[in-house]
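In what follows, every chain begins at residue 1, and chains take the letters A, B, ... in the order their sequences are listed.
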Amino acid sequence: MPELPEVETVCRDLRSCGLIGKPITQATVLWDRTIQNSTTETFCHSVQGKRIIDIRRRGKYIHILLSDSLHVFIHLRMTGSLSLVSSEMGIGQYDRVIITFNESSLRFSDPRKFGRIMLCDSQTSIYDKLGPDPFDPLLTTDVWFERLHGRQMRIKPLLLDQSFLAGLGNIYADESLFSASIHPCRPAHSLSRDESAVLLESIRHILTTAIIHRGTSLGDGKGNFTSNGDRGENISNLRVYGKSTRPCPKCSTPIQRIVVGQRGTHYCPNCQK
DNA sequence: AGAGCTGTTACCAA
DNA sequence: TTTGGTAACAGCTC
């Protein structure tokens, strides 16, 4: 779930929840290892009394700007989710961190405990290690082609490398490559100028469509990423992910599932050469 | 019951 | 530089 469109949906929801401007009255950590770069005590003490200045997204990170130049970065990893609830609400089975405001509290829930929260003095440590955002206007088709041209890795694992491009995950990488009719195992440098331009367009189109539909929810919806518990509606737009043996929507050839870089990979062997 | 799958990333070794 | 293996966890499906 939590790839760029899902994280973007969470950020938009949090911004429209009226969270911005509110002071944090208390923070509680129920699973210590969720706090990645400081102790539970330091984290709780540091954020107490700070106000939420803004909520942004960088790649798959939720970036919460606090007063006094503090930055909280939240990564949902596989099963993390955020929800804003009444502070009276009882603690959930999978709640790992609770940030309380006066009447409401932001709960970080995460069954698999992979999600991470970091507290930083500046945003650079996170921002600098990530590649460009797919929607970055500085990422022109020329820049994109040159970036691909210098790499001999297979295109799919490269798209999943967050230091190369920030935000794509397994679902949207497969969908973007299908949309661009590019085989996931093509060496990145083998893409022509035209193919690379089509790929960038495809990535942007796939992500834009997914954001409009509030992301993709898989499974039964438990531990869903959205802050209000609603499911993302993008699953109906998926054309290859999770569709192995089903007919390709372009040519009716059965969709194949292979493993590329230890990740399940779905593609059409006829359309993606 | 048990094996194998999963949306992510960090780290290590070759 | 690139690839593969493992690990962090827990729930789900078959």
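Nucleotide C:dA10 holds its P atom 10 Å from the CD atom of A:Gln93, rounded to whole Å. Rounded to whole angstrom, the span from the CG atom of A:Asp161 across to the P atom of C:dT2 amounts to 9 Å. Straight-line distance from the NE2 atom of A:His266 to the P atom of B:dT6: 7 Å, rounded to whole Å. Taking atom CG of A:Asn170 as the reference point, atom C1' of B:dT9 lies 13 Å away to the nearest angstrom. For A:Leu159 and C:dT2, the CG to P distance is 14 Å, given to the nearest whole Å. A:Ile62 places its CD1 atom 14 Å from the C1' atom of B:dT8, with the value rounded to the nearest Å. A:Asp174 places its CG atom 11 Å from the P atom of B:dT6, with the value rounded to the nearest Å. Straight-line distance from the CD atom of A:Glu3 to the C1' atom of B:dT9: 13 Å, rounded to whole Å.
Residue A:His75 has no polar side-chain atom (N or O) positioned under 4.0 Å from OP1 or OP2 of B:dT8. Between A:Arg263 and the phosphate of B:dT6, there is no side-chain N or O to OP1/OP2 separation shorter than 4.0 Å. A sub-4.0 Å separation between OP1 or OP2 of B:dT9 and a side-chain N or O of A:Lys60 is present. Between B:dT9 and A:Gln162, a contact under 4.0 Å exists linking OP1 or OP2 to a side-chain N or O.
Side-chain N/O atoms of A:Glu6 and A:Tyr172 include a donor and acceptor closer than 3.5 Å.
Between A:Cys11 and A:Arg15, some side-chain heavy-atom pair lies under the 4.5 Å cut-off.
Residues A:Leu238 and A:Leu4 share a single hydrophobic cluster, defined by chaining ILVMFWY side chains whose heavy atoms lie under 4.5 Å apart.
The shortest heavy-atom contact between A:Leu200 and A:Leu139 is CD2-O, 3.7 Å.
Cation-pi check for A:Lys250 over A:Phe178 is met; the charged atom lies under 6.0 angstrom from the ring centroid and within 45 degrees of its normal.
With sequence neighbours excluded, no residue forms a ring pair (Phe, Tyr, Trp, His ring centres under 6.0 Å) with A:Phe43.
Of the candidates B:dT8, B:dT6, C:dG11, B:dT6 carries the atom nearest the A:Tyr241 side chain, counting heavy atoms from C-beta on.
For residues 91-132 of chain A, every residue pair satisfying the ring-ring contact (aromatic ring centres under 6.0 Å, His included) rule, not counting sequence neighbours, is listed here: A:His63-A:Tyr127. For residues 19-39 of chain A, no pair satisfies ring-ring contact (aromatic ring centres under 6.0 Å, His included), with sequence neighbours left out. The ring-ring contact (aromatic ring centres under 6.0 Å, His included) pairs that include a residue from residues 231-250 of chain A are A:Tyr241-A:His266, where partners are two or more places apart or lie in different chains.
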Point to revise | Strand DNA chain B in bracket notation, Watson-Crick/G-U under 3.5 Å with | for pairs to another chain | key: .|||||.|||||||
Practice item. Do nucleotides 3-8 of chain C as a string where each nucleotide becomes B, S or -: B if the base has a protein heavy atom under 4.0 Å, S if just the sugar-phosphate does, - if no protein is that close. Key: SBB--B
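The same atom, P, is picked in B:dA1 and in C:dA8; the two are 25 Å apart, to the nearest Å.
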